[in-house]
Student: 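Sharing a structure here in structure tokens format.
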Amino acid sequence: MPDPNAVQTDPNATPEPLPDPNAPPAAPLDLSQIKSMLNLPDTASDVELITALVELISNLQQKYDALLSDATTLQGQITNRDLEDFKDVIAAETTAFWQNQLLANRDETITVLIGMRDAKPVAPVIPAAPVRVPLSNRIASAPKPMIELTGGANAADNNRAVAIRNRAHELRKAEKLPWSEAFQRAEKEITK
């Protein structure tokens with residue numbers, strides 16, 4: 001069983017270089033200079049120095065957290081604006097992917113999105129269906145009454161025309177005349 005307290009190392013990690021024995025020693029810290037930077041008297045104890053450094057670090061950490069929060073908010077706003085700008089290229093189901101891409105590498109992602117927008121095929125124009133005009137001798141329409149063809153004659157003319165037609169039909173049957181001759185005779189009889 002392996003020892004749980006043993007230090008485990010990653011075999012793929014690069015080892016840290018050993019300190020150079022020929023390197024010059026680091027310069028000693030000048031505590032009086034640090035105390036003057038922190039506005040502490042030269043007679044301040046080590047505890048007061050450490051307390052002042054801890055307060056300084058705490059203030060810097062608060063400022064860092066505030067800046068980080070502001071930066072994250074602004075980055076989110078910029079990302080949302082970019083997503084809105086490219087909503088014609090980005091499908092709704094891929095929004096999370098593109099948001100991550102914009103956060104990881106905004107410049108490259110914007111370049112790709114612009115390329116996608118430029119390469120987006122334009123909707124083909126569908127030509128209008130050609131208007132088919134049937135040949136005049138092939139029009140299949142309902143037969144039109146005589147009144148409609150004559151332009152809408154009045155009732156008296158209609159009655160006269162019906163009477164002529166009926167009389168021409170009688171003459172044709174009775175005397176065995178051709179239709180044109182029977183019609184002419186009926187017309188003369190009725191118009192007298």
Student: For the atom pair CD (Gln62) and CG (Leu67), what is the distance rounded to the nearest 0.5 Å?
Tutor: 12.0 Å
Student: Identify whether Leu177 and Phe183 are in the same connected component of the hydrophobic contact network (ILVMFWY, side-chain heavy atoms under 4.5 Å).
Tutor: no
Student: In a check of side chain to side chain contact (heavy atoms under 4.5 Å, CB included) between Trp98 and each of Leu103, Thr79, Ile90, which one passes?
Tutor: Ile90
Student: Between Thr109 and Gln101, which heavy-atom pair has the shortest distance, and what is it?
Tutor: OG1-O, 3.0 Å
Student: Is there a side-chain contact between Asn159 and Val162 (heavy atoms, below 4.5 Å)?
Tutor: no
Student: Tell me, do Phe86 and Ile114 make a side-chain contact under 4.5 Å, heavy atoms counted?
Tutor: yes
Student: Any side-chain heavy-atom pair from Gln77 and Thr73 closer than 4.5 angstrom?
Tutor: yes
Student: Mind checking the OG1-CD spacing from Thr95 to Glu93? Nearest 0.5 Å is all I need.
Tutor: 7.5 Å
Student: Identify the two heavy atoms, one from Ala168 and one from Ala186, that lie closest to each other, and give their separation to 0.1 Å.
Tutor: N-CB, 3.5 Å
Student: Please indicate whether Glu175 has more than 12 foreign heavy atoms, meaning atoms of other residues, nucleotides or ligands, lying under 6.0 Å from its CD.
Tutor: yes
Student: For Arg172 versus Trp179, what's the shortest heavy-atom pair and its separation?
Tutor: CD-CE3, 3.6 Å
Student: Going by distance alone, is a donor N or O of one side chain under 3.5 Å from an acceptor N or O of the other, for Gln61 and Asp65?
Tutor: yes
Student: How long is the straight-line distance from OG of Ser32 back to CG of Leu40, given to the nearest 0.5 Å?
Tutor: 12.0 Å
Student: Salt bridge check: are Glu84 and Lys87 linked by an N-O gap of less than 4.0 Å?
Tutor: yes
Student: Heavy-atom count check: over 12 atoms from other residues, nucleotides or ligands less than 6.0 Å from Asn59 CG?
Tutor: yes
Student: Linking I/L/V/M/F/W/Y whenever their side-chain heavy atoms sit closer than 4.5 Å, directly or via other members, would Leu53 and Leu60 fall into one cluster?
Tutor: yes
Student: Measure the shortest side-chain to side-chain distance between Arg106 and Ile78 over non-hydrogen atoms and say whether it is less than 4.5 angstrom.
Tutor: yes
Student: Rounded to the nearest 0.5 Å, how far apart are OG of Ser45 and CD1 of Ile50?
Tutor: 8.5 Å
Student: Could you state the interatomic distance from OG1 (Thr51) to CG (Leu56), rounded to the nearest 0.5 Å?
Tutor: 12.5 Å
Student: Go through it in stages, so that I can follow the logic: the residues are Glu170 and Lys173, the test is salt bridge (Lys or Arg N to Asp or Glu O under 4.0 Å), and I'd like the CA-CA distance, side-chain angles, deciding distance and then a yes or no.
Tutor: CA-CA 5 Å; Glu170 289 172 5; Lys173 266 188 164 182; over 6 Å; no
Student: Going from CD on Gln99 to CG on Leu83, what distance comes out if it is rounded to the nearest 0.5 angstrom?
Tutor: 5.5 Å
Student: Hey, does Ile164 have a side-chain heavy atom less than 4.5 Å from the side chain of Glu189?
Tutor: no
Student: Assess the residue pair Leu171 and Glu181 against the criterion (side-chain contact (heavy atoms from CB on, under 4.5 Å)); give the C-alpha distance rounded to whole Å, side-chain angles, the decisive distance to 0.1 Å, and a yes or no.
Tutor: CA-CA 9 Å; Leu171 287 173; Glu181 191 176 322; over 6 Å; no
